[in-house]
Number of protein chains: 2
Amino acid sequence: MAQSQLRPPTMADVARLAGVSHQTVSRVLGDHPNVRDETRARVLHAIEEMGYRRNSSARALVTRRTRTLGVVASDTTLYGPASTLFALEEAARAEGYLVSTVSLRKLTVETLSEALDHLSEGGVEGVVAIAPQRSAVEALAELRHPFPVVTVGSGPGVGIPCVNVDQYMGARLATGHLLAAGHRTVWHLAGPEDWQEAADRAAGWRATLEEAGVEPPMSLRGDWSPLSGYRAGQELAGWVGRGLTAVFVANDQMALGVLRALREAGVRTPQDVAVVGFDDIPESEFFAPPLTTVRQDFSAVGKRSIALLLDLIEGRDPAGTPRFAIEPQLVVRASTFPYTADPGAAPT
Amino acid sequence: MAQSQLRPPTMADVARLAGVSHQTVSRVLGDHPNVRDETRARVLHAIEEMGYRRNSSARALVTRRTRTLGVVASDTTLYGPASTLFALEEAARAEGYLVSTVSLRKLTVETLSEALDHLSEGGVEGVVAIAPQRSAVEALAELRHPFPVVTVGSGPGVGIPCVNVDQYMGARLATGHLLAAGHRTVWHLAGPEDWQEAADRAAGWRATLEEAGVEPPMSLRGDWSPLSGYRAGQELAGWVGRGLTAVFVANDQMALGVLRALREAGVRTPQDVAVVGFDDIPESEFFAPPLTTVRQDFSAVGKRSIALLLDLIEGRDPAGTPRFAIEPQLVVRASTFPYTADPGAAPT
DNA sequence: GCATGAATTGTTAGCGCTCACAATGACCTC
DNA sequence: GAGGTCATTGTGAGCGCTAACAATTCATGC
């Protein structure tokens, strides 16, 4: 059954046991058609007997294919990046690829460069960079790397192929929802300056207001964290009674902070101020009150990114692979209406 | 500068350009001491000139070291697993290892077995399994694999080396805190039956009550999700006024659901019922009210897991590597006291 | 019964690297 | 100046596998 752990068995060992040449073993493993059934069975039995496993390094050396992809990400404990990471790995595994991840605390030219070097040392055939900051994508564009790179969440523009959820559309859904509910205007708490997604969401908000003939009010800025939302919420609370009845917050975590600040200021949600978030993190449904938000299809993002990357790696024309404009979806809950549906019965 | 992409340059190409043997190039790359400075400079220049990168497969083939570790995990979009994953990758990278992750939707014998096969095909030298379900660890114990495996969050017992936060201690901190605040007894909403951490937290809760001479009340069970917490919270609300004044919830997400259910039932927190969670997810501080909870040091978990795994891989005696009993920390917020500290000024 | 081609199997030559060892030359020591 | 040591560099083998080609076997058809 098992065998001495001193040295794992090689193809030649298996071949000897099965009474064939090592090449026949290779053919069996490679599902080559021209192997007699009886021979194949004998080889498979020998493989089983010795607990043989093909040496991936030797294989990679001669085929020049490591079947490994790299992912560079940051903020991987946040719901969005974590979901993207998960979707990427799942999609890559479905294609038979292994995924090596590098999670960075900060995305700078230096850390990105080190990450790509590290992945390159590991022999990845291509990399997906979850690089939602503009500066990160620009850094990426400058860096030399011996493999194709695809970005997620960066928007087009710097010439690196990318896959995106349509943030602009999502913001329009959110803002339009509030206008349709009768609010005269909608305020906005934006994400960090440098983030493409924050810019796109702000642009969608602004465009929707302008189309409705409304002058966009001053917009605030946070850093995605609940704390920054809390601080902004304190400021927003001061505008209640002076035209502020609805806020579109650029992500759910900040919306959580806003809700707390409003509550502490004695402002009721949604009666006094309606709030919409973005992301639909699992907790949103249980906020006080449950949060209306915009859901993104991370699974689609993962699949398309991997498809695009593999096109690039295998020299196929990526034109046929769809990428932009993965459509987000509005999820309406109690933070915008006196809405009390039983949780769990909420739309999925 | 760059060179024709037809075939990447090899060590021999670099050697030719530098006028040395391939072995000298290898020595330069390997930081071997006995190379003349002038020679080293010449080689480095040639490397730069050709854009040479060492072929990891060839290197791995001869050294029998891929310098890649595997991680198997599930629920990677949850805060705990995501944090652990991040910490593992960071710790492994610090040791010069690449990390390949497999994220599973469900941990069963089949999926685990496939995951280990997949990682094995990829040539990992060892695997960390984030396997908090008992059934998963048992499955793992049965599976054959040609590399060492370390588990995280599983508790000892099945003979697989493991690293853990002291969940029992964390539960004692939480329960003790409530008793010290004057509550006569503490109810418990436990995590899923099969989870070791859920069992440990329940045991810590029970032991603390028993030591205080209190008969533990009926305990409820959820599945970690906010929804299950909400349902349990509805049930708990029915016991208010009949001895229920404090609840220790086994994680923050369920606590969020409990808070919502209590609020909807007209029960005030903390005045009527105090609530403590577990995990300290970033959102907890902004719940309504901000949640008292137990924080775990995932970074320590990551470092120790990797240290232990590397001990195993390199045949060192792992006895010297500390592993159990990473101590958790109580974070007190408004859900257990009328406590209104400014967020951000909270302990970090 | 033997040529003919297809199916099956074996042989050989690397893939690009590191290791072990050999060779070279500079510098001492007595 | 012979012999020894050390630093530096080169040579050859081989890691385990796949690709290309060569060799063998086997079933046909006439």
Side-chain angles (χ1 to χ4, degrees), chain A residues 3 5-44 46-47 50-68 96 120-125 146, chain B residues 3 5-44 46-47 50-68 96 120-125 146:
Chain A
Q3 81 132 34
Q5 281 301 72
L6 280 179
R7 180 145 311 210
T10 72
M11 209 169 247
D13 297 328
V14 172
R16 203 171 307 118
L17 181 62
V20 296
S21 74
H22 65 134
Q23 176 62 337
T24 296
V25 177
S26 175
R27 277 192 271 255
V28 169
L29 254 29
D31 267 335
H32 203 88
N34 290 341
V35 178
R36 207 151 33 110
D37 284 351
E38 193 269 333
T39 311
R40 181 187 310 276
R42 205 142 36 86
V43 169
L44 287 173
I47 286 173
M50 306 189 83
Y52 170 74
R53 318 203 70 137
R54 188 157 51 173
N55 180 313
S56 59
S57 303
R59 186 170 153 74
L61 176 58
V62 62
T63 60
R64 301 164 181 286
R65 302 295 306 266
T66 56
R67 298 200 75 79
T68 301
S120 177
E121 291 287 302
V124 299
E125 295 183 37
Chain B
Q3 82 132 35
Q5 280 301 71
L6 280 178
R7 180 145 311 210
T10 72
M11 207 170 250
D13 296 329
V14 172
R16 203 170 308 121
L17 182 62
V20 297
S21 74
H22 64 131
Q23 176 62 346
T24 296
V25 178
S26 176
R27 275 191 271 256
V28 169
L29 254 27
D31 267 334
H32 202 90
N34 290 342
V35 178
R36 209 155 25 114
D37 284 351
E38 193 270 330
T39 310
R40 181 187 310 276
R42 204 141 38 87
V43 169
L44 287 173
I47 287 174
M50 307 190 82
Y52 170 75
R53 318 204 67 137
R54 191 156 49 174
N55 180 313
S56 59
S57 302
R59 185 171 153 75
L61 176 57
V62 61
T63 59
R64 298 165 185 286
R65 302 295 305 267
T66 58
R67 298 200 76 79
T68 301
S120 177
E121 293 285 304
V124 299
E125 294 184 36

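Proteins come first, then strands; the chains are lettered A, B, ... in the order of their sequence lines, and each starts at number 1.
When the C1' atom of C/dA7 is taken as reference, atom CZ of A/R40 falls 13 Å away, rounded to whole Å. Distance, A/E38 CD to D/dC26 C1': 15 Å, rounded to whole Å. Distance, B/H32 NE2 to C/dC17 P: 18 Å, rounded to whole Å. Rounded to whole angstrom, the span from the CZ atom of B/R16 across to the C1' atom of C/dG16 amounts to 13 Å. A straight line from CG of B/D13 to P of C/dG16 spans 8 Å, rounded to a whole angstrom.
One finds no side-chain N or O of B/R36 lying less than 4.0 angstrom from the OP1 or OP2 phosphate oxygen of D/dA7. OP1 or OP2 of C/dT8 lies within a sub-4.0 Å distance of a side-chain N or O belonging to A/N34. Taking side-chain N and O atoms only, A/S21 has no distance below 4.0 Å to OP1 or OP2 of C/dT11. For B/T39 and D/dT8, the shortest distance from a side-chain N or O to OP1 or OP2 is not below 4.0 Å.
The two atoms that bring A/S56 and B/E121 nearest to each other are CB-O, 2.9 Å, heavy atoms only. Taking all atoms of both residues into account, the shortest heavy-atom contact from B/H32 to B/V35 is O-CG2, 3.9 Å. Taking all atoms of both residues into account, the shortest heavy-atom contact from B/L61 to A/S57 is N-CB, 3.7 Å. Closest approach of A/H22 and A/A15 over heavy atoms only: N-CB, 3.5 Å. The shortest non-hydrogen separation linking A/L29 to A/Y52 is CD2-CE2, 3.6 Å.
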Inset, instruction - Summarise how protein sits on nucleotides 13-21 of chain D as a single string, 5' to 3': B when a protein heavy atom is under 4.0 Å from the base, S for sugar-phosphate-only contact, - for no contact. - result: -BBBSBBB-
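The distance from the OG1 atom of A/T24 to the CZ atom of A/R36 is 10.0 Å, given to the nearest 0.5 Å.
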